[in-house]
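What follows is a short report on a single structure.
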Amino acid sequence: MSDVTAVPTHCPYCALQCGMSLRPTGSPELPAEVVDRTDFPVNRGALCGKGRTAPSVLSSRVRLTEPLVRCPDTGDLRPATWEEALAAVADGLSRTRADHGADAVGVFGGGGLTNEKAYTLGKFARLVLGTSQIDYNGRFCMSSAAAAHGRAFGLDRGLPFPLEDIPRTGCVILVGSNLAETMPPALRYLTELKENGGKLIVVDPRRTRTAEQADLHLAPRPGTDLALALGMLHLVVAEGRVDEEFVATRTSGWEAARAGAMSHWPEQVERITGVSVPQLREAVAMFSDAGTGMVLTARGPEQQSKGTDTVGAWINLCLATGKAGRPLSGYGCLTGQGNGQGGREHGQKADQLPGYRKLDDPAASAHVAGVWGVDPESLPGPGRSAYELLDALGGDVKALLLMGSNPVVSAPRAAHVEGRLRSLGFLAVADVVLSETAALADVVLPVTQWAEETGTMTNLEGRVLLRRRALTPPAGVRSDLEVLHALAGLLGWEKGFSAEPEEVFEELRRASEGGPADYSGISYRRIEDEQGVFWPCPGAEHPGTPRLFLERFATPDGRARFVAVVHRPAAEETDAEYPVVLTTGRVVSQYQSGAQTRRVAELNAAAPGPFVELHPRLAERLGVAEGERLAVVSRRGRAVAPARITTAIRPDTVFMPFHWAGEGRANTLVNPALDPVSRMPEFKVCAVRLERV
């Protein structure tokens with residue numbers, strides 16, 4: 001069979017949304033095979049192991065192919081017809097609403113849902129259910145960066161420039177990102193940066209495969225990235241490296257931000273972070289002396305109870321040195337989930353309407369209500385953030401509809417969240433596999449996967465992409481849009497919830513028109529013709545916006561805003577009882593909660609289970625040998641996994657990947673303390689003790 005039959009599409013995993021093509025095989029065991037797609041500019045044909053093995057999850061052996069309903073007599077899930085399953089969901093949601101009010105029904109979405117699904121889910125929650133209680137797992141991913149972006153620039157788009165600009169800048173500071181394992185095809189941009197003579201500074205408490213590529217590796221204690229950025233800004237001021245003209249003409253708020261930085265002198269920052277003063281000075285010189293530069297952050301500095309201020313401090317460094325709002329310079333967030341960018345733009349967040357509009361903005365509500373044909377006063381107000389919503393399950397929130405998420409593994413304080421899910425009066429889950437969360441549901445709805453449906457995604461650059469359906473889904477499977485269409489009908493909404501992706505996208509275009517994330521000029525045809533279209537794109541003749549802020553920032557006065565911040569400790573510091581810092585993250589062969597990748601034999605062979613990474617000095621003090629089972633205990637619970645001993649981590653820190661359920665579930669341990677602005681939980685730092693098992 002020739003490559004002509006292959007359908008161009010995109011990888012189902014991370015926010016790179018690498019281009020690939022799929023060729024149907026006709027085999028139920030492996031329904032499609034991946035064909036290289038070299039024309040897509042983001043990955044230029046390169047794929048990681050997850051992308052290459054993605055068709056394995058399409059197999060009927062590993063995925064759901066019929067609805068499941070919990071039997072009241074046995075308590076087990078049993079096969080059911082779609083009619084029975086949908087009726088049970090409609091009954092569970094409507095009964096809860098009638099008995100306890102609209103806000104007793106919750107909706108939880110996901111950063112992997114297409115733009116069409118995220119848009120429809122938010123609309124369904126607010127119109128059909130009338131509930132304010134909707135949020136999504138992307139709150140656990142980029143929310144601190146999004147909040148800081150909005151505060152400083154007036155607009156949040158993960159990268160305000162395309163990836164292709166990175167190799168052409170003078171210096172990149174990469175903070176809390178291990179691109180070599182989380183987004184392997186993107187590592188080439190850093191390799192090309194160095195080949196072009198640019199410098200790379202990596203900030204990470206572990207010497208990762210990415211840090212090994214750096215010209216300078218700074219290894220701060222987890223939770224001290226804010227102090228590190230402030231210390232660098234202090235030196236920029238003290239050494240006369242401020243771009244005074246840029247600060248005067250294109251920013252506001254500098255004096256207060258400067259005062260905050262000057263209270264963090266280098267020796268104090270060395271004591272807090274463990275990064276030496278000579279290293280601080282070297283980093284400042286490397287970044288300041290480069291004619292152009294970028295700071296890129298990921299989950300390391302963002303998943304903290306002070307994540308918004310931490311990202312804000314790195315933005316302040318960019319602004320003070322004139323490295324923002326100019327070609328080949330700026331601050332960017334490396335968005336994680338496949339549609340982490342689009343998923344936070346179109347209405348599945350607690351405080352948000354399509355087009356990145358704010359729900360408490362009367363003009364925004366009026367515009368979207370006009371598109372939906374309802375009274376703006378009928379729209380519920382903002383609800384709880386993701387963790388707060390999960391924490392309320394079984395209390396104020398008595399029923400939950402969940403799509404595209406697995407919080408039993410991915411949520412902070414996961415054992416507690418699992419308990420809240422179990423306490424619900426009714427739980428319905430739509431998923432492609434029987435995840436740990438789906439296994440708790442009263443009704444499980446089997447839905448189509450990336451290769452079996454058409455829809456748009458927005459990658460970390462703000463490039464809106466089109467996934468084309470390449471395969472016919474199994475007979476017992478329906479799309480999420482079909483599910484919401486059917487449920488809306490059963491709950492009294494005969495119109496307004498199309499199951500056709502392109503029809504939904506056309507409505508999304510109208511709903512987003514005039515908003516910060518304006519998609520009104522984007523169409524399926526344009527996306528195909530142009531290899532994606534960058535938002536904002538406010539009209540059919542508009543070329544899209546690959547590079548933001550070159551003329552002005554998206555604030556009322558066009559100036560970027562410094563935000564005065566000061567260092568504060570983590571919500572939970574180490575002490576005699578819990579003397580070690582735990583940080584968490586990913587490995588190259590698994591993705592997020594592992595619900596899909598843990599079902600792929602090749603990926604499991606490479607990464608079969610959890611582990612605890614610790615320094616030889618710490619291992620010696622504990623008397624722990626390589627591979628020995630080690631218990632990690634926090635104030636919230638206990639996880640057990642084999643020890644992995646390495647000099648690549650600080651002696652006061654241990655690392656666990658968070659992809660696994662069971663006794664090695666890392667998120668059992670982490671602290672749900674929330675950032676006051678973004679409501680991001682503190683995944684990246686908590687106090688633990690280690691015990692031999």
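The chain is numbered in sequence order, starting from 1. Predicted model, so just to flag it, every value in this text is computed and none were measured.
- Within the 3.5 Å criterion, the main-chain N or O of G404 finds no donor-acceptor partner in the side chain of D431.
- Side-chain contact between L460 and Q341: absent, with no pair of heavy atoms (C-beta onward) separated by less than 4.5 Å.
- Look at R157 and E345 and you find no salt bridge, because none of the NZ, NE, NH1 or NH2 atoms lies under 4.0 Å from a carboxylate O.
- Checked by atom type and distance alone, the side chain of N459 pairs as donor or acceptor with a backbone atom of E461 at under 3.5 Å.
- Remark: the backbone N or O of G111 is not paired with any side-chain donor or acceptor of N339 at under 3.5 angstrom.
- The shortest side-chain heavy-atom distance between R63 and P474 falls under the 4.5 Å cut-off.
- In E602, the CD atom is not crowded: 12 or fewer heavy atoms of neighbouring residues, nucleotides or ligands sit closer than 6.0 Å.
- Within the 4.5 Å cutoff, the side chain of L359 has no heavy atoms near those of the S132 side chain.
- Under a cut-off of 6.0 angstrom, the local environment of NE2 in H485 is sparse, with at most 12 non-hydrogen atoms contributed by other residues, nucleotides or ligands.
- Using a cut-off of 4.0 Å between Lys/Arg side-chain N and Asp/Glu carboxylate O, R665 and E418 are scored as salt-bridged.
- For F108 and Y136, the distance between ring centers is not under 6.0 angstrom.
- Residues V89 and A428 come closest through the heavy atom pair CG2-CB, 3.9 Å.
- Distance check: R70 CZ to L440 CG gives 7.0 Å after rounding to the nearest 0.5 Å.
- Screening Q590, H659, Q592 against T597 for a side-chain hydrogen bond (donor to acceptor under 3.5 Å, both in side chains) leaves a single residue, Q590.
- Using a 4.5 Å heavy-atom cutoff, the side chains of S59 and L30 are not in contact.
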key: ring-ring contact (aromatic ring centres under 6.0 Å, His included) between H10 and F40, intermediate numbers included   = CA-CA 10 Å; H10 295 273; F40 186 61; 4.8 Å; yes

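- Across all their heavy atoms, P67 and G476 have their closest contact at CD-O, 4.2 Å.
- Looking at every heavy atom in both residues, M183 comes nearest to C14 through CG-SG, 3.7 Å.
- Side-chain atoms of T437 come within 3.5 Å of backbone atoms of V408 as a donor-acceptor pair (strictly under, hydrogens ignored).
- Of all the heavy atoms in C11 and G51, the pair that sits closest is SG-CA, 3.8 Å.
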Report task. Take R598 and E436, measure what salt bridge (Lys or Arg N to Asp or Glu O under 4.0 Å) needs, and give me the verdict at the end. Result -> CA-CA 12 Å; R598 284 188 277 117; E436 287 77 11; 3.1 Å; yes

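- A distance of 11.0 Å separates CE in M457 from CG in L466, rounded to the nearest 0.5 Å.
- Checked by atom type, the side-chain pair R599/Q596 shows no donor-acceptor distance below 3.5 Å.
- At a threshold of 4.0 Å, the pair R78-D76 does not count as salt-bridged, since none of the basic side-chain nitrogens sits closer than that to a carboxylate oxygen.
- Of the charged side-chain nitrogens involved, none lies within less than 4.0 Å of a carboxylate oxygen, so that E530 and R525 do not count as a salt-bridged pair.
- Under a 3.5 Å cut-off, the side chain of R357 and the backbone N or O of L353 do not form any donor-acceptor pair.
- Put simply, the side chain of P55 does not reach to within 4.5 Å of the side chain of E33, judged on heavy atoms.
- Rounded to the nearest 0.5 angstrom, T120 OG1 and D480 CG are separated by 9.5 Å.
- No side-chain donor-acceptor contact under 3.5 Å links D135 to the backbone of S385.
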task: Show the numbers, then the answer: is there a side chain to side chain contact (heavy atoms under 4.5 Å, CB included) between L77 and L434?
output: CA-CA 11 Å; L77 288 170; L434 191 66; 4.3 Å; yes

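- Test T131, V107, I134 against R126 for side chain to side chain contact (heavy atoms under 4.5 Å, CB included) and you get one pass: I134.
- With salt bridges taken as basic N to acidic carboxylate O contacts below 4.0 Å, none links R384 and D351.
- The pair R467-E116 fails the salt-bridge criterion, with no side-chain N (NZ, NE, NH1 or NH2) lying under 4.0 Å from an Asp/Glu carboxylate O.
- S21 places none of its side-chain heavy atoms less than 4.5 Å from the side chain of T9.
- The residues D518 and R509 are annotated as not salt-bridged, no charged nitrogen and carboxylate oxygen being separated by less than 4.0 angstrom.
- The CG atom of L86 sits 8.5 Å away from atom OG1 of T81, with the distance rounded to the nearest 0.5 Å.
- The OG atom of S479 sits 10.5 Å away from atom CD of E452, with the distance rounded to the nearest 0.5 Å.
- Note on R469 versus E453: no salt bridge recorded, every NZ/NE/NH1/NH2 to OD/OE distance being 4.0 Å or above.
- Considering only heavy atoms from C-beta on, P162 comes within 4.5 Å of F534 through its side chain.
- In this structure, a donor-acceptor pair under 3.5 Å is present between the side chains of S498 and E503.
- Checking side-chain atoms of H542 against main-chain N and O of G521 turns up no donor-acceptor pair under 3.5 Å.
- Side-chain N/O atoms of Q348 and Y119 include no donor and acceptor closer than 3.5 Å.
- Here Y519 and H346 bring their ring centres to under 6.0 angstrom of each other.
- Of the residues listed (S410, S405, S593), the one engaging N137 in a side-chain hydrogen bond (donor to acceptor under 3.5 Å, both in side chains) is S405, and it is the only one.
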For a side chain to side chain contact (heavy atoms under 4.5 Å, CB included) check, start with the C-alpha distance between T458 and R463, then their side-chain angles and the critical distance, and finish with the verdict. CA-CA 5 Å; T458 306; R463 187 194 301 253; over 6 Å; no

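- Note: F683 and F140 have perpendicular aromatic rings, judged against thresholds of 30 and 60 degrees for the angle between ring planes.
- When atom types are taken as modelled, the side chain of R679 and the backbone of Y387 share no donor-acceptor pair closer than 3.5 angstrom.
- Rounding to the nearest 0.5 angstrom, the gap separating the CZ atom in F497 from the CG atom in L127 is 5.0 Å.
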Chi angles and distances behind the salt bridge (Lys or Arg N to Asp or Glu O under 4.0 Å) call for D99, K398
CA-CA 10 Å; D99 292 345; K398 301 180 185 303; over 6 Å; no

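- The residues E528 and R468 are annotated as salt-bridged, a charged nitrogen and a carboxylate oxygen being separated by less than 4.0 angstrom.
- A364 and K358 make their closest contact through CB-O, 3.5 Å (heavy atoms, listed as atom of the first residue, atom of the second, distance).
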(request) Take V432 and L64 through the side chain to side chain contact (heavy atoms under 4.5 Å, CB included) test and state the conclusion after the steps. (result) CA-CA 6 Å; V432 300; L64 294 167; over 6 Å; no

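- In this structure, L390 and V397 have side chains that are not in contact, with every pair of non-hydrogen atoms separated by 4.5 Å or more.
- Between the Q531 side chain and the D39 main chain, a donor and an acceptor come within less than 3.5 Å of each other.
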* Should V483 and W82 be marked as a side chain to side chain contact (heavy atoms under 4.5 Å, CB included) after you check the CA-CA gap, both sets of side-chain angles, and the distance that decides it? -> CA-CA 10 Å; V483 168; W82 269 100; 3.9 Å; yes

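- For N667 (side chain) and P412 (main-chain N/O), no donor-acceptor pair under 3.5 Å exists by modelled atom type.
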